[in-house]
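Everything below concerns the one structure shown next.
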There are 2 protein chains.
Amino acid sequence: MSLSETWLNQMQSDGSRLTAPRRAVVEILAEADQALDPGEIFERARRQHPAIGLVTVYRTLEKLEALHLIERIHQHEGCHAYLRAAQGHEHVLLCERCGKALRFVGDDLEDLITALEKRTGFLIREHWLQLFGLCPACQA
Amino acid sequence: MSLSETWLNQMQSDGSRLTAPRRAVVEILAEADQALDPGEIFERARRQHPAIGLVTVYRTLEKLEALHLIERIHQHEGCHAYLRAAQGHEHVLLCERCGKALRFVGDDLEDLITALEKRTGFLIREHWLQLFGLCPACQA
DNA sequence: ATCGTTAATGAAAATGAATGTCAATATCAA
DNA sequence: TTGATATTGACATTCATTTTCATTAACGAT
Ligand SMILES: [Mn+2]
Ligand SMILES: [Mn+2]
Ligand SMILES: [Zn+2]
Ligand SMILES: [Zn+2]
């Protein structure tokens, strides 16, 4: 079963109806190797389903995010692009030029966090880590 | 010399004129222990200078950011808050409840980055790291 | 297969943050 | 003091996102 089928099943289990425009958006996001913003998703989705409205893109994003299937990625150029959600404790490495996104594991911040908690008195509950650079194809 | 005086001097050296509304915005940001968005800054600034316009807040933020005196902080609730810029290689620890911001050093990602470069072929040029939690005062 | 409930759709209008325009004003070097 | 010009705030504009709403479509029940 493909990832988009899995997502569609989860949406249906959650009470959502499966519609053509929704399928288009889901497939785009499940397949994407980069974070896409609502405008980009809309552009791509209307190739599959020309009648789709931008509103439906927004609404589908909202649902997918609520199900933790996608998550918002913050970048210099914008903070409204969405990418397949991390599986467990993963972070993301992004190409600054083409946008290609790769997830990785293995950051080791435990010692830093423990030391900071002791020193500052903060209770640290979450962290954001993102790496930026150039993917192999974009290194001229 | 206070931090806001230092900033004002730098702005003047850069060719900016020192005006009352500008002074108000600069003082707020130089003194703040948390990231503030344009609306919050506007609210506070009009106490000092009731005639100030929101546009001037935006324009002052732009100048301060160009001089690398402040930087934008991304959070769940919004991506348009500004905080005094990092001094060298610092990251930020934020209280999720009250917004209190603390800078810290000592993250050690060299090994991770080197390993990822080797494994993925990416050239990694930058990283974002932010820690979130509860400051001492907000841990009820 | 048909029906009926109601979720979902897209057009259109509304919202609201951020930018652009511009005439009046204030800064500051000369 | 003066004059060039940077800055100001009111106002208009842009544009992404949200809201509204009448119509359509999904799908469980029959
Ligand atoms: Mn981590
Ligand atoms: Mn670092
Ligand atoms: Zn952001
Ligand atoms: Zn690339």
Side-chain angles (χ1 to χ4, degrees), chain A residues 4-5 7-29 35-67 70 72-82, chain B residues 5 7-29 35-67 70-82:
Chain A
S4 47
E5 286 175 271
W7 288 11
L8 290 166
N9 287 342
Q10 285 195 53
M11 293 176 79
Q12 197 166 37
S13 303
D14 187 55
S16 291
R17 293 175 182 177
L18 268 34
T19 68
R22 201 163 267 179
R23 282 171 196 279
V25 171
V26 166
E27 190 174 337
I28 287 162
L29 283 161
L36 299 170
D37 68 32
E40 293 167 330
I41 295 164
F42 179 54
E43 243 181 74
R44 297 184 184 205
R46 67 196 317 180
R47 291 180 204 147
Q48 301 277 333
H49 190 91
I52 193 174
L54 181 53
V55 227
T56 297
V57 173
Y58 280 101
R59 289 191 281 228
T60 306
L61 287 171
E62 203 172 3
K63 276 198 187 299
L64 290 170
E65 193 178 28
L67 291 171
I70 60 172
R72 196 151 68 95
I73 297 290
H74 299 254
Q75 293 177 260
H76 290 294
E77 319 81 52
C79 297
H80 293 273
Y82 288 84
Chain B
E5 286 175 89
W7 288 11
L8 289 166
N9 287 342
Q10 285 195 54
M11 294 176 78
Q12 197 165 37
S13 304
D14 188 55
S16 291
R17 292 174 183 178
L18 300 185
T19 68
R22 203 163 267 179
R23 282 172 196 279
V25 171
V26 166
E27 190 176 336
I28 287 162
L29 283 161
L36 299 171
D37 68 33
E40 293 167 331
I41 295 164
F42 179 53
E43 243 182 73
R44 297 184 184 206
R46 68 195 317 182
R47 290 180 205 150
Q48 300 278 333
H49 190 89
I52 193 175
L54 181 53
V55 226
T56 297
V57 173
Y58 280 103
R59 289 189 282 228
T60 306
L61 286 171
E62 204 172 5
K63 276 199 188 296
L64 290 170
E65 192 178 29
L67 291 171
I70 60 171
E71 61 191 28
R72 194 150 69 95
I73 297 290
H74 299 254
Q75 293 177 261
H76 291 294
E77 319 79 52
C79 297
H80 293 273
Y82 289 84

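Just so it is clear: chains get the letters A, B, ... in the order the sequence lines come, proteins before strands, and each one is counted from 1. In this text the structure is predicted, and so the values were computed from the model without any measurement.
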| task | Report the residue (Tyr58(B) or Arg17(B)) whose heavy-atom-nearest nucleotide on DNA chain C is the more 5′ of the two. | result | Tyr58(B)
Could you state the [atom1]-[atom2] distance from [X] to [N], rounded to the nearest angstrom?
{"X": "His49(A)", "N": "dA8(C)", "atom1": "NE2", "atom2": "P", "answer": "15 Å"}
{"X": "Asp14(A)", "N": "dC27(D)", "atom1": "CG", "atom2": "P", "answer": "14 Å"}
{"X": "Phe42(B)", "N": "dG16(C)", "atom1": "CZ", "atom2": "P", "answer": "16 Å"}
{"X": "Arg23(A)", "N": "dA25(D)", "atom1": "CZ", "atom2": "C1'", "answer": "13 Å"}
{"X": "Glu62(A)", "N": "dA8(C)", "atom1": "CD", "atom2": "P", "answer": "11 Å"}
{"X": "Leu54(A)", "N": "dT9(C)", "atom1": "CG", "atom2": "P", "answer": "13 Å"}
{"X": "Asp37(A)", "N": "dC15(D)", "atom1": "CG", "atom2": "P", "answer": "15 Å"}
{"X": "Glu65(B)", "N": "dT19(C)", "atom1": "CD", "atom2": "P", "answer": "10 Å"}

Between [X] and [N], is there a contact of a side-chain N or O with OP1 or OP2 at under 4.0 Å?
{"X": "His80(B)", "N": "dA18(C)", "answer": "yes"}
{"X": "Thr19(A)", "N": "dT9(C)", "answer": "yes"}
{"X": "Arg22(B)", "N": "dT7(D)", "answer": "yes"}
{"X": "Ser16(B)", "N": "dT7(D)", "answer": "yes"}

| field | Separation of Leu61(B) CG from Thr56(B) OG1 (nearest 0.5 Å) | value | 10.5 Å
| field | Side-chain donor or acceptor of Arg22(A) paired with backbone N/O of Thr60(A) under 3.5 Å | value | no
| message | I'd like to know if the side chain of Asp37(B) and the backbone of Gly39(B) have a donor-acceptor N/O pair within less than 3.5 Å. | response | yes
Across the strands shown, which category fits [X] at heavy-atom distances under 4.0 angstrom: base, sugar-phosphate, nothing?
{"X": "Gln12(A)", "answer": "sugar-phosphate"}
{"X": "Ala20(B)", "answer": "nothing"}
{"X": "Leu18(A)", "answer": "sugar-phosphate"}

On a heavy-atom basis, which atom in [X] and which in [Y] lie closest, and how many Å separate them?
{"X": "Leu29(B)", "Y": "Tyr82(B)", "result": "CD2-O, 3.8 Å"}
{"X": "Leu18(B)", "Y": "Leu8(B)", "result": "CD2-O, 3.6 Å"}
{"X": "Ile52(B)", "Y": "Phe42(B)", "result": "O-CE1, 3.3 Å"}
{"X": "Leu54(A)", "Y": "Pro38(A)", "result": "CD1-O, 4.0 Å"}

| task | Please give the angle, rounded to 10 degrees, between the axes at the start and the end of the helix from dA1(C)-dT30(D) to dA30(C)-dT1(D), where five pairs define each axis. | result | 40°
| said: Regarding dT8(D), can its base be found pairing with the side chain of Arg59(B) as donor and acceptor, where the two atoms are less than 3.5 Å apart? | reply: no
